[in-house]
Amino acid sequence: MSGAGLDSATLFALTGAILIGIGVYGFIVHAHLLRRILAFNVIGSGIFLMFGALGFRGAGNGTDPVPQALIITGIVVALSLTALAVALLVKLAEEEGGATLPEEQPGRGEAE
Amino acid sequence: MTAALLFDAGLCLLVLVVAFSAVAGRGLFGAIAFFIIYGMLIALAWLRLEGVDVALAEAAIGAGLTGMLLIGAWSMLKQLGVSGLPGGPSVPLRIAAGAVSGLVALALAATVLALPDGREGLSPAVAESLGRSGVDNPVTAVLLNFRAYDTLLESVVLLIALIAVWSLTPRAVWGGVPGLAQHARSDGVLSMFGRLLPPLGLVVAIYLVWAGSSQPGGAFQAGTVLAAVWLLVVMAGLYDEPPASSRNLRLALVAGPGVFLAVGAVGAAFGVFMGIPEGFAKPLILSIEFALTVSIAVTLALLVAGRPRRPA
Amino acid sequence: MTEFLVLAALALLAIVAAGLVRVHLGPSRADRIISAQLIGTGGVAIALLLAAASADTAIIDVALVLALLAAFAAVGFIKSASRDGAGDPEETEEEA
Amino acid sequence: MIALDVMTVLLVCTGLVFFVAGTAGLLRFPDFHSRLHALTKADNLGLGFIALGVAFQMTDAWSVAKLALVWMLAGLAAASVAQLVARAALDRLPDESGGEHKG
Amino acid sequence: MTAPLPGAFPALELLIVLPLAASLLAILLGGRLAPRIVLLLGPAMLVVTAVLAFQIQTQGPVRVEIGGWEAPLGIALIGDGLAGVFLVLTAIVMTAVGVFAQKPFGSEGAETTESYTFWPLYFAMWAALNAVFCGGDLFNLYVALELLTLTAVAMVAYGSTRAALRYLLFALAGSLAYLMGIVLLYSATGTLDIELLARQDTIEATRMVSGALMTAGLLAKTALFPLHGWLPPAHGSAPAPASALLSSLVIKASFVIIVRIWFDVMPDVAGTVFVQLLSILGAGAVLYGSLLALRQTRLKMIIAYSTVAQLGYLFFIFPLAGGAAAETPWAAGAWSGGMFHALAHGLAKAAMFLAAGLVIEALGHDRIDDIKGIARALPLTMFAFGLAAVSLMGLPPSGGFLAKYLMLTAALADGQIGLALVMLAGGLLAAAYLFRPVNRALAGDYVPEVAVVTYWRQLIPLGLALLSVALGIISEPPYDLLQVGRSKVAVEGIDD
């Protein structure tokens with residue numbers, strides 16, 4: 001995998017970096033918590049894509065298996081955190097009728 | 001080679017467009033629809049990186065279950081009338097966030113490009129010890145032998161996430177049945193779909209676990225497929241979720257991590273914690289994988305179903 | 001032959017990209033979810049082409065899982081479209 | 001050997017044509033149900049042809065069986081979902097597309 | 001680095017296996033029997049931790065290669081002085097809180113949500129803490145940290161959903177930054193083992209970027225000012241046993257990882273700018289936390305803001321002992337002082353939150369203005385609270401005093417007068433915001449009628465407070481244990 005030359009691995013690694021940027025943008029900008037959870041998942045998959053791309057050793061001999069194993073572990077951990085965040089969000093909506101943390105967006109999420 | 005590079009460039013561009021639409025799109029439901037497509041495209045990217053195990057996990061967990069989780073949450077919020085926000089984010093906030101995220105992306109891209117090439121990572125070390133690990137698939141060898149401790153902690157993370165979701169249950173409904181009371185027309189298309197798919201899903205899941213030792217597959221991917229199929233059966237109104245207080249549900253939840261921890265503890269007794277003896281490594285790893293698949297399937301299904309809502 | 005298969009996959013990618021316009025525009029939620037579900041079919045086709053191109057039959061398993069799970073998000077939407085969030089559009093009055 | 005490659009090229013191209021037709025229908029048809037009709041049939045046929053085309057490249061029977069299973073699964077899923085979404089969209093047609101500016 | 005003798009007692013492994021097994025058992029047994037597990041596990045863990053401390057003290061740092069695979073491929077557990085000291089702290093505070101929580105989270109009648117779900121979370125938190133303190137692989141630390149975050153957020157959710165969600169968002173952002181650092185470090189060096197990383201010499205820029213990312217993520221989880229927003233509502237609204245665990249142990253876990261990164265993985269990379277930044281943030285935390293603690297109206301909120309303040313002290317080890325200051329003679333004294341502060345604060349803070357929990361059980365609320373005369377109704381509890389306050393303020397002969405003394409002398413020897421002034425100001429402010437509730441508790445001349453609080457449960461906070469003070473008196477054993485395996489053993493520190 002040549003560092004500077006434009007080949008698949010570098011392409012995917014840079015895509016991962018831009019995905020992280022997009023995810024960070026979403027995580028900061030949105031007040032609705034479900035969108036922030038979605039942005040969190042985009043950042044996570046961006047980090048993992050970069051991790052795998054940096055471990056890619058040319059066509060034919062595949063990606064370094066250790067990052068692959070760590071990424072599978074990371075995906076399951078990200079799912080667990082997302083599931084808890086979603087459960088907390090639904091409970092917050094049931095208790096206080098809002099889907100945001102008030103400091104950012106005082107308005108209640110009105111019906112769609 | 002240019003065709004492959006062209007395809008990769010096209011795929012990367014599409015991934016970025018879909019990701020941006022998912023994050024910055026107007027409607028929340030549209031964002032979730034884009035996110036599901038995004039998960040599928042990321043799985044294709046992993047195929048291009050020849051990380052088929054990760055592609056499987058991303059397709060099953062990223063596109064499949066996370067999509068169902070978000071749609072379920074959106075549906076619940078819609079019932080409560082909070083599934084959207086009146087105004088979008090203010091312009092100065094957008095500019096600031098754009099600047100910060102641009103900076104982050106640039107810094108990471110620069111660091112990536114500064115990395116020396118010809119890095120081997122740990123693949124030679126894995127290849128060299130693969131023979132003694134008892135399995136042929138290097139990723140499974142890392143997951144269940146070389147770094148088995150990571151996977152043990154991770155299976156506990158999944159289980160504890162479910163307990164954490166259950167800890168949100170109001171006192172009145174404790175021990176009750178998770179999720180809403182699903183109902184569907186008994187001779188309709190949904191219940192037919194709910195009857196036809198599970199056998200196929202079961203075959204695919206068992207195949208994935210069995211193949212996991214020699215080719216891409218394994219407990220997590222298979223467990224996810226089983227969980228998705230069970231959720232369909234419940235949504236089709238054929239069966240209801242088990243109550244949280246049911247005894248054998250708890251046994252199924254604890255089976256996977258329990259077997260894994262038992263193997264680790266036995267190893268510790270012989271002086272090598274989590275040590276899997278070379279002699280019968282393969283049967284031991286396969287038994288751990290099957291136990292893990294059962295627990296992961298049950299845990300994931302209940303995790304997506306949410307906290308108990310109806311009395312048992 | 002692999003050259004052709006990858007180019008075919010690229011063509012499919014363009015088709016999927018075109019389909020995304022409907023997901024963006026689609027006036028109703030039903031449009032969005034059905035486009036997303038059927039773009040998934042396009043993804044399965046791309047996976048099959050990649051499997052043939054790289055002669056790695058394990059990639060067919062990925063296509064299998066994608067095909068298997070493609071419908072679940074749509075079923076989730078169907079459930080949310082019903083009145084109490086847990087129903088079935090085909091239910092007649094006496095069951096609903 | 002060449003015959004297998006020719007068959008693959010032919011079938012895959014046919015599949016692509018169906019996909020193009022399906023997506024054209026998706027973009028151009030006026031209302032939801034006509035789009036649904038076009039897309040479901042065309043895409044599934046397209047997938048079927050591509051799966052058949054790829055099958056010619058496979059060496060062992062097990063992979064061909066998996067390809068058939070993939071196509072059957074995708075077909076079953078698409079048909080069921082299309083029917084259910086059509087019915088779901090039918091009940092809520094009047095207000096569905098009307099008040100739906102935010103999606 | 002002596003590998004454990006084959007016949008040696010696997011103490012370090014047991015410290016991970018036992019709590020995990022207890023957590024699974026608690027899920028299986030259900031809410032009626034689960035609370036009783038801690039009565040067995042607590043003493044067992046204390047014994048195993050004592051054996052480990054003895055092993056470390058006599059044989060030097062313990063290193064366990066998990067699964068028999070050596071470092072780059074497998075994961076290692078490090079049992080050095082730092083790990084040993086924090087494992088002992090964890091065992092003590094966990095056992096105390098476990099016994100204390102028998103009543104609020106026990107189930108007299110049928111199984112309830114709290115009585116069933118608290119105990120698996122409690123044991124999993126214990127396993128996660130032990131896994132973090134003795135972890136030797138950066139990605140393994142990530143998984144253990146996420147398990148810890150899950151349990152902590154769930155415990156906060158017992159009190160308030162909003163505080164739990166805010167905590168989870170900060171934790172999510174933190175774990176992503178930490179994960180990003182790991183990705184860059186692995187891609188640059190090809191390993192994630194702390195020991196091997198210390199010997200690698202890769203490009204300065206990559207290690208600096210990954211170190212900065214990891215530290216930023218961990219600072220969010222340690223709630224160092226200005227990333228402390230989530231801590232007061234979370235620790236303030238969680239039930240008392242949970243708040244005790246959160247303040248005294250959970251935030252120390254991510255702090256220990258920062259210490260591992262900057263003192264073991266890349267000791268020479270920390271530039272002066274970075275070290276100064278940490279000291280400024282630490283000073284900010286001490287002052288900001290203390291000032292806000294003065295304005296709180298609820299007892300648990302005072303203690304929560306006190307945590308934000310006392311955290312600042314921990315980060316003073318970077319300007320005094322990290323980076324360029326590592327070779328100075330007082331570096332070891334400052335480093336040990338910082339760790340002593342973590343221990344003393346852990347014990348004292350657990351005692352305070354448990355005492356506040358008893359006050360809430362007795363009066364039903366913890367508003368400062370209405371706890372007049374509680375000292376007469378619950379003499380033991382308020383005495384424990386006062387004793388813990390003595391250690392927090394740093395009055396001799398408490399452990400807190402010894403920690404501040406070590407750091408203060410190091411700061412003066414190093415000529416960092418600003419730092420020394422902030423430390424003194426922190427101590428005075430701590431006295432101010434802790435004196436207020438104690439004064440209210442002693443005020444008035446009547447004995448308020450209170451709900452019955454059983455006698456032996458008041459002994460638990462008292463025991464912890466006494467331990468926190470005793471840390472200053474019998475400071476030799478912990479100090480020597482702390483020095484085992486440190487890269488720069490204290491040759492002639494200030495105190496020798």
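Chain letters run A, B, ... following the sequence lines, proteins first, then strands; residues in each count from 1.
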Which answer fits [X], side chain, backbone, both or neither, if we ask what part of it has an atom under 4.5 Å from a heavy atom of chain A?
| X | answer |
| --- | --- |
| B:Q221 | side chain |
| B:I32 | both |
| B:V165 | both |
| B:V304 | neither |
| B:L168 | both |
| B:A9 | both |
| B:V104 | side chain |
| B:R94 | both |
| B:L77 | side chain |
| B:L153 | neither |

At their closest point, which heavy atom of [X] faces which heavy atom of [Y], and how far apart are they?
| X | Y | answer |
| --- | --- | --- |
| A:L49 | B:W46 | CA-CZ2, 3.7 Å |
| B:A4 | B:R48 | CB-NH2, 3.1 Å |
| A:R35 | B:V23 | NH2-O, 3.3 Å |

- prompt: Salt bridge check: are A:E94 and B:R309 linked by an N-O gap of less than 4.0 Å?
  reply: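 Here A:E94 pairs with B:R309 in a salt bridge, since their nearest N and O are under 4.0 Å apart.
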Going by atom type alone, with no hydrogens or angles, which donor-acceptor pairs under 3.5 Å involve a side-chain atom of residues 75-84 of chain A and a protein atom two or more places apart or on another chain?
unit_1, atom_1, unit_2, atom_2, d
A:S80, OG, A:V76, O, 2.9
A:T82, OG1, A:N41, OD1, 3.4
A:T82, OG1, A:N41, ND2, 3.4
A:T82, OG1, A:A78, O, 2.7

task: Applying side-chain hydrogen bond (donor to acceptor under 3.5 Å, both in side chains), name anything that partners B:T66, two or more places apart in sequence or on another chain.
output: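 Counting only residues at least two positions away or on another chain, B:T66 forms no side-chain hydrogen bond (donor to acceptor under 3.5 Å, both in side chains).
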Any side-chain donor near an acceptor of the partner, B:D150 and A:T73, under 3.5 Å: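 B:D150 vs A:T73: no donor-acceptor pair found between side chains.
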- request: Would you check if there is a donor-acceptor pair between the side chains of B:S21 and B:Y38 at a distance under 3.5 Å?
  value: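 Judged by distance alone, the side chains do not pair up.
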task: Please determine, among B:T111, B:L303, B:I61, B:V100, the option with the most heavy-atom pairs under 4.5 Å with chain A.
output: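 Ranked by contacts with chain A, first place is B:I61.
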Interface moiety of A:I72 toward chain B, non-hydrogen atoms closer than 4.5 Å: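 For A:I72, backbone and side chain are both near chain B.
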message: For A:V86, which atoms come within 4.5 Å of any heavy atom of chain B: side chain, backbone, both, or neither?
response: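 Just the side chain, heavy atoms under 4.5 Å.
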